[in-house]
Q: 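What follows is a structure written as structure tokens; I'll ask about it next.
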Amino acid sequence: MNSIPPSTVAVEQRLRQELAACYRLIAHFRMTDLIFTHISVRIPGPEHHFLINPYGLMFDEISASNLVKIDLQGNAVEASQYPVNPAGFVIHSAIHGAREDAQCVLHTHTKAGCAVAALKCGLLPVNQISMEFHGKVAYHDYEGIALDLAEQQRLVHDLGDKAVLILRNHGLLSVGRSVSEAFLRMYYLEKACEIQLTAMAAGELVLPSQEVCAHTERQFNEPARALKDGELSDPDGMQLAWSALLRLLERVAPGYRD
């Protein structure tokens, strides 16, 4: 029997801790829906195995050791006492199987996210925060609870190569090349939805030009681009933010590493 290389074990353990941290952060920032949403991370390798939450646990109960490893067909790769949310399998297996860059997939049912998902206008460039997503938002029409495997192809088609997906009449989804990228995208997508709803309730919106929106999106997402004279960039901001979030967890929920 071939043994698993120590390097592979170490990578999986790191991913387990990062994913567990993500679940605890979603709980900390009150973006949960009891046990009914899901976050997954793909384990490197040709098998497309991925880790997902044990169905039935609250997000603040999830730790590195109780995450469930499944394949693209929803089969458990390792023995676990926990099942997997079938809707989570349908959504996450579709995206992990189609997008090599979607190492982490994060889905929420927040009040603000669901409200914007029900608006015909979708996400608007109301604020600097929302401009991070200018031209990077996809939309998928509601088809019912995601329990139909036939929906997977349409879901993947609608997501395309975008960073975030607004599931109409349903909720929000982000993908990332890492757990930290997917989380921070969702954190700011949620905040963008909250700001938009507050502004829409307060009065007539003032929206910036398409040119300014495109420029701001590049500032967020292309910090390594060629800069004009006098222009600065912030290439380390997101990693600094993730490190700060992990320090927060060490203070309020250190058990995520177990």
Side-chain angles (χ1 to χ4, degrees), residues 4-32 35 37-55 57-72 76-78 80 82 84-85 88-89 91-93 95-97 99-108 110 132 163-165 172-191 221 235-258:
I4 301 174
S7 59
T8 302
V9 174
V11 168
E12 180 173 332
Q13 182 60 19
R14 173 179 60 80
L15 291 174
R16 282 180 173 273
Q17 291 182 350
E18 290 177 0
L19 184 58
C22 191
Y23 276 103
R24 297 294 185 102
L25 289 168
I26 290 291
H28 178 80
F29 290 107
R30 300 182 183 275
M31 290 192 281
T32 61
I35 63 170
T37 55
H38 11 85
I39 316 165
S40 62
V41 67
R42 182 183 165 190
I43 298 171
E47 302 88 357
H48 282 79
H49 292 162
F50 61 95
L51 300 167
I52 198 165
N53 53 313
Y55 193 29
L57 295 190
M58 300 290 278
F59 282 17
D60 62 1
E61 297 179 284
I62 293 174
S63 64
S65 61
N66 63 29
L67 290 161
V68 183
K69 188 194 302 189
I70 62 174
D71 63 20
L72 292 181
V77 176
E78 297 174 350
S80 173
Y82 300 104
V84 168
N85 184 331
F89 156 67
I91 293 170
H92 291 249
S93 63
I95 297 172
H96 282 301
R99 288 272 300 266
E100 288 294 325
D101 64 320
Q103 295 298 304
C104 182
V105 181
L106 199 168
H107 173 47
T108 62
T110 61
E132 173 185 349
V164 300
L165 179 68
L172 306 177
L173 183 145
S174 67
V175 303
R177 293 164 295 183
S178 63
V179 173
S180 61
E181 187 172 63
F183 173 81
L184 288 163
R185 280 176 174 162
M186 181 58 72
Y187 178 86
Y188 284 110
L189 181 60
E190 173 69 13
K191 190 171 289 292
N221 296 305
D236 302 320
M238 292 298 100
Q239 185 54 52
L240 290 171
W242 180 248
S243 296
L245 288 165
L246 293 181
R247 293 196 302 274
L248 168 67
L249 283 184
E250 291 298 332
R251 296 193 297 273
V252 302
Y256 78 92
R257 292 182 179 274
D258 296 343

Q: For the residue pair H92 and H38, does the interplanar ring angle fall in the parallel (under 30°), tilted (30 to 60°) or perpendicular (over 60°) class?
A: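 If you compare the ring of H92 with that of H38, the planes turn out perpendicular.
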
Q: What's the spacing between T37 OG1 and M31 CE if we round to 0.5 Å?
A: 10.0 Å

Q: Side chains of T108 and M186: does their closest heavy-atom pair fall under 4.5 Å?
A: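 Result yes, sub-4.5 Å side-chain heavy-atom pair found.
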
Q: In terms of the angle between their ring planes, are Y187 and F29 parallel, tilted or perpendicular, with boundaries placed at 30° and 60°?
A: perpendicular

Q: To the nearest 0.5 Å, how far apart are CD1 in I43 and NE2 in H96?
A: 10.0 Å

Q: Please check if atom CZ in R177 has more than 12 non-hydrogen atoms from other residues, nucleotides or ligands closer than 6.0 Å.
A: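 Atom CZ in R177 is not packed in, count stays at 12 or less.
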
Q: If you round to the nearest 0.5 Å, how far is CD of Q17 from SG of C22?
A: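 Taking SG in C22 and CD in Q17, the distance rounds to 14.0 Å.
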
Q: Would you give the length of the straight line joining atom CD1 of I62 to atom CG of L19, rounded to the nearest 0.5 angstrom?
A: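 These two atoms lie 7.5 Å from each other.
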
Q: For the CD1 atom of I70 and the OG atom of S80, what is their distance to the nearest 0.5 Å?
A: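 Going from CD1 on I70 over to OG on S80, the span is 10.5 Å.
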
Q: If we ignore hydrogens and angles and just use 3.5 Å, is the side chain of E61 paired with the main-chain N or O of L57 as donor and acceptor?
A: no

Q: R16 side chain to L67 main-chain N or O, any donor-acceptor pair under 3.5 Å?
A: yes

Q: Got a donor-acceptor contact below 3.5 angstrom from the R42 side chain to the A102 backbone?
A: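 Answer holds: no.
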
Q: Quick check for you: to the nearest 0.5 Å, what is the distance between K69 atom NZ and S40 atom OG?
A: 14.0 Å

Q: Give a yes or no on whether the backbone of A182 and the side-chain of S174 come within a donor-acceptor separation of less than 3.5 Å.
A: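 A pair under 3.5 Å: yes.
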
